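Only one structure is covered here, and it is reproduced in the block below.
Computed from a predicted model, the values in this text were never measured in an experiment. Just so it is clear: chains get the letters A, B, ... in the order the sequence lines come, proteins before strands, and each one is counted from 1.
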Amino acid sequence: MTPFTENVIKLIKQIPEGRVMTYGQIARLAGSPRAARQVVRILHSMSKKYRLPWHRVVNAEGKIVIKDEASYHEQILKLEAEGVALGSLNEVNLETYRWLP
DNA sequence: ACAATGACGGCAG
DNA sequence: TCTGCCGCCATTG
């Protein structure tokens, strides 16, 4: 476990309901501005071991770019359940929902 | 132990 | 403006 990983986990756990963060934003706050992929990896693997709100993390466009379709739909449902309005292309209005720590 | 990969992002062309 | 390539580095096979 690295400090970066811990930071990422902490940040994700801090995201309130009804808000979202982007991968790049998390990477930046965790100390590695270009390490979005690590955030992805951490989310992917850690969400299984820890209970992380991974569904509150979207890409820089506010869209969900997950490969696994089951998880993709699950994320949409969870976001809607928390009050996040999704566009016709399942995109989040980051101006409105982006969480700033 | 080593190589490939991965829910992305930014800069270059 | 839009497309594509490269960086990033922990985790997984």
Side-chain angles (χ1 to χ4, degrees):
Chain A
M1 188 68 68
T2 65
F4 177 77
T5 302
E6 278 188 74
N7 286 330
V8 172
I9 294 175
K10 286 180 182 177
L11 286 168
I12 295 173
K13 291 178 71 171
Q14 287 170 39
I15 305 175
E17 293 187 359
R19 309 304 291 276
V20 299
M21 283 187 84
T22 68
Y23 296 98
Q25 186 183 357
I26 293 172
R28 221 172 22 198
L29 293 171
S32 289
R34 306 302 150 87
R37 303 194 81 135
Q38 278 57 259
V39 176
V40 170
R41 194 131 267 310
I42 292 166
L43 224 62
H44 206 99
S45 53
M46 303 315 255
S47 61
K48 298 172 185 172
K49 303 177 175 64
Y50 300 81
R51 300 289 171 80
L52 298 179
W54 56 269
H55 57 274
R56 292 177 194 152
V57 184
V58 295
N59 70 1
E61 299 178 332
K63 295 179 186 173
I64 300 170
V65 193
I66 182 173
K67 286 186 176 179
D68 183 52
E69 295 186 28
S71 299
Y72 176 83
H73 292 299
E74 183 183 348
Q75 178 167 19
I76 294 174
L77 292 176
K78 291 193 176 195
L79 288 175
E80 290 181 330
E82 295 181 355
V84 177
L86 299 175
S88 55
L89 298 176
N90 291 321
E91 65 179 43
V92 175
N93 187 329
L94 291 175
E95 299 287 319
T96 304
Y97 298 106
R98 176 172 27 178
W99 178 63
L100 305 167

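- Here the side chains of His44(A) and Ser71(A) are not in contact, with every heavy-atom distance at 4.5 Å or above.
- The hydrophobic clustering, which links ILVMFWY residues whose side-chain heavy atoms are closer than 4.5 Å, places Val84(A) and Leu77(A) apart.
- We find that NZ of Lys67(A) is positioned 11 Å from C1' of dC8(B), with the value rounded to whole Å.
- Considering only heavy atoms from C-beta on, Met46(A) stays 4.5 Å or farther from Ile12(A) through its side chain.
- If you take CD of Glu61(A) and P of dG10(B), they are 11 Å apart, rounded to a whole angstrom.
- Atom CG in Leu11(A) sits about 21 Å away from atom P in dA7(B), given to the nearest Å.
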Write out a two-atom table: protein N or O, nucleotide N or O from nucleotides 10-13 of chain C, distance below 3.5 Å.
{"unit_1": "dT12(C)", "atom_1": "OP1", "unit_2": "Lys49(A)", "atom_2": "NZ", "d": "3.3"}

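- For the pair Leu43(A) CG and dC9(C) P, the computed distance is 18 Å after rounding to whole Å.
- No path of Ile, Leu, Val, Met, Phe, Trp and Tyr side chains, each step under 4.5 Å between heavy atoms, connects Val65(A) with Val57(A), placing them in separate hydrophobic clusters.
- One can place CD1 of Ile26(A) at 17 Å from P of dC9(C), the figure rounded to the nearest angstrom.
- Of the listed residues (Ile15(A), Thr96(A), Ile64(A), Leu94(A)), just one forms a side chain to side chain contact (heavy atoms under 4.5 Å, CB included) with Val20(A), and that residue is Leu94(A).
- Counting distance only, with no hydrogens placed and no angle test, the side-chain atoms of Arg37(A) and the base atoms of dG6(B) include a donor-acceptor pair under 3.5 Å.
- Per the geometry, CG belonging to Leu94(A) stands 14 Å off C1' belonging to dG9(B), to the nearest Å.
- Atom CG in Asn59(A) sits roughly 17 Å away from atom P in dG6(B) (whole-Å rounding).
- Just one residue in the list His55(A), Glu17(A), His73(A) forms a side chain to side chain contact (heavy atoms under 4.5 Å, CB included) with Lys78(A), and that residue is His55(A).
- dA7(B) atom P lies 10 Å from atom CG of Asp68(A), rounded to whole Å.
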